[in-house]
Asks: 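Here it is, the structure in full.
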Amino acid sequence: VLIIRPGIIVGPHDPTGRFAYWVRRFAATGEFLAPGDGGEPLQIIDARDLAAWMIRVIEQRTTGAFNAVGPEGSLSFRQFITTGVAALGNPTAPIWLPDAVLKQEKIEGWDKLPLWISNADENLAGVYRIDGRKAWQAGLTHRDLSETIRDCAAYEASLTNPIIIGHSREEELTVLGKIRAN
């Protein structure tokens, strides 16, 4: 038996809008809200990498249970945002808001800030700490995050009605303005 347990799957054609939320922020101009201190972990896998690896292990008649997460090694939320901003090269800048400020503004991870989970959230503490070594040893590889971000941005730009979730741009600008005023 082959059991593949993927983590958060991202990339072009993602029907959830979670990854696209951030790609739109990276593609915009001006400032955007970045959560926490950036040290929170993130595990995502491009659907194309997952699919190619699944075909290989099925063809090889591989058996066992595998956590198909990525990237190999670690990825912090700060690295994710820094990579995204650099990949799209737009004049945009993250404004990092500490957990206490986010809590005060009633901005929660995952719901208003897709993909982000605060280190303070004990209920979800292990979501992005899944051990993928067995899958990586079985040949699971990951394309460069910049490529996934650029491809997703191109796909999002082609959509007439993109999936919109999370904090609206207006809500975000209101919070940033309020923070600046204080």
Side-chain angles (χ1 to χ4, degrees), residues 6-53 68-97 99 102 105 107-119 121 124 127-130 132 140-177 179:
I8 302 297
I9 304 168
V10 301
H13 304 280
D14 175 6
T16 68
R18 297 177 295 212
F19 191 73
Y21 170 89
W22 292 104
V23 170
R24 280 191 293 279
R25 293 309 190 263
F26 306 151
T29 58
E31 299 171 332
F32 66 94
L33 189 153
D37 65 8
E40 299 82 1
L42 178 63
Q43 286 182 314
I44 52 179
I45 185 166
D46 190 302
R48 299 165 295 181
D49 297 332
L50 177 62
W53 177 72
V69 296
E72 189 170 346
S74 64
L75 175 67
S76 71
F77 221 82
R78 182 173 296 276
Q79 290 168 315
F80 168 59
I81 287 180
T82 301
T83 300
V85 169
L88 299 183
N90 292 328
T92 188
I95 303 299
W96 294 91
L97 297 183
D99 287 4
L102 295 171
E105 295 298 321
I107 300 171
E108 296 180 8
W110 201 261
D111 178 39
K112 290 291 187 177
L113 298 168
L115 298 179
W116 181 71
I117 299 173
S118 168
N119 281 331
D121 191 336
L124 299 172
V127 170
Y128 294 138
R129 291 181 171 86
I130 306 299
L140 177 60
T141 58
H142 307 278
R143 71 190 65 225
D144 188 79
L145 179 57
S146 296
E147 180 182 342
T148 301
I149 290 167
R150 283 190 299 272
D151 291 351
C152 189
Y155 173 72
E156 286 294 308
S158 76
L159 296 176
T160 305
N161 295 308
I163 297 168
I164 305 294
I165 65 167
H167 228 61
S168 74
R169 185 68 175 139
E170 293 75 27
E171 291 171 318
E172 182 176 43
L173 292 173
T174 299
V175 169
L176 290 173
I179 299 303

Asks: Between Tyr128 and Ile117, does a side chain to side chain contact (heavy atoms under 4.5 Å, CB included) hold up when you go through it step by step?
Replies: CA-CA 9 Å; Tyr128 294 138; Ile117 299 173; 3.7 Å; yes
Asks: Indicate the atoms forming the closest heavy-atom contact of Ile165 with Pro114, along with that distance.
Replies: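 Taking every non-hydrogen atom into account, CD1-CG, 3.7 Å.
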Asks: Is the positively charged end of Arg18 above the ring of Trp116, judged by distance under 6.0 angstrom from the centroid and angle within 45° of the axis?
Replies: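 Geometry flag: not set, cation outside 6.0 Å or 45°.
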Asks: Tell me, do Leu97 and Ile179 make a side-chain contact under 4.5 Å, heavy atoms counted?
Replies: yes
Asks: How long is the span from the CZ atom in Phe19 to the CG atom in Asp46, to the nearest 0.5 Å?
Replies: 7.5 Å
Asks: Starting at OG of Ser118, measure out to CH2 of Trp110 and round the result to the nearest 0.5 Å.
Replies: 14.0 Å
Asks: Let me confirm one number: the CD1-CD1 distance from Ile44 to Ile149, rounded to the nearest 0.5 Å.
Replies: 7.0 Å
Asks: How far does CD1 of Ile81 sit from OG1 of Thr92, to the nearest 0.5 angstrom?
Replies: 10.0 Å
Asks: With rounding to the nearest 0.5 angstrom, report the CG to CZ distance, Leu113 to Phe32.
Replies: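 If I round to the nearest 0.5 Å, the distance is 11.0 Å.
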Asks: Could you tell me whether the side chain of Glu105 and the main chain of Leu102 form a donor-acceptor pair under 3.5 Å?
Replies: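 No, because the side chain of Glu105 does not come within donor-acceptor range (under 3.5 Å) of the backbone of Leu102.
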Asks: Could you pull out the closest heavy-atom pair between Trp22 and Pro35, with the gap in Å?
Replies: CH2-CD, 3.7 Å
Asks: Do you know the tightest heavy-atom contact between Ile9 and Leu50?
Replies: CD1-CD2, 3.6 Å
Asks: Check whether any side-chain heavy atom of Leu115 lies under 4.5 Å from a side-chain heavy atom of Glu40, and answer yes or no.
Replies: no
Asks: Does Ser76 offer a backbone N or O that forms a donor-acceptor pair with the side chain of Gln79 under 3.5 Å?
Replies: yes
Asks: With a cut-off of 6.0 Å (strictly less than), are more than 12 heavy atoms of other residues, nucleotides or ligands near CD of Glu108?
Replies: no
Asks: Yes or no on side chain to side chain contact (heavy atoms under 4.5 Å, CB included) for Phe77 and Asn119, after CA distance, side-chain angles and deciding distance?
Replies: CA-CA 11 Å; Phe77 221 82; Asn119 281 331; over 6 Å; no
Asks: Hey, can you tell me if Tyr155 and His13 have their rings parallel, tilted or perpendicular (30° and 60° cut-offs)?
Replies: tilted
Asks: Is the shortest distance from a Lys or Arg side-chain nitrogen in Arg78 or Asp37 to a carboxylate oxygen in the other one below 4.0 Å?
Replies: no
Asks: Under the criterion side chain to side chain contact (heavy atoms under 4.5 Å, CB included), I'd like the reasoning laid out for Leu75 against Leu145: C-alpha separation, chi angles, the key distance, then a yes or no.
Replies: CA-CA 10 Å; Leu75 175 67; Leu145 179 57; 4.2 Å; yes
Asks: Test side chain to side chain contact (heavy atoms under 4.5 Å, CB included) on Val175 and Ile107; report intermediate values, then the result.
Replies: CA-CA 10 Å; Val175 169; Ile107 300 171; 3.8 Å; yes
Asks: Do Asp151 side-chain atoms and Pro12 backbone N/O form a donor-acceptor pair below 3.5 Å?
Replies: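 Side chain of Asp151 to backbone of Pro12, a donor-acceptor pair under 3.5 Å: no, none is there.
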Asks: Can you measure from CD (Glu31) to CZ (Arg25) and round to the nearest 0.5 angstrom?
Replies: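 Glu31 atom CD to Arg25 atom CZ measures 13.0 Å (nearest 0.5 Å).
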Asks: May I ask you to test the Arg150-Val23 pair for a side-chain heavy-atom distance under 4.5 Å?
Replies: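 No. Closest side-chain heavy atoms not under 4.5 Å.
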Asks: Under 6.0 Å between ring centres, would you say that holds for Phe80 and Phe26?
Replies: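 Yes; Phe26 has its ring centre under 6.0 Å from that of Phe80.
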Asks: Taking all non-hydrogen atoms of both residues into account, name the closest pair between Ile163 and Gly17 and its distance.
Replies: CG2-CA, 4.0 Å
Asks: Under a 4.0 Å N-O cut-off, is there an ion pair linking Arg169 with Glu172?
Replies: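 Result for this pair is yes, salt bridge flagged.
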Asks: For Ile45 and His142, which heavy atoms make the closest approach, and how far apart are they?
Replies: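 Scanning both residues, the minimum pair turns out to be CD1-CE1, 3.8 Å.
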Asks: For Leu42 and Pro71, which heavy atoms make the closest approach, and how far apart are they?
Replies: O-CD, 4.3 Å
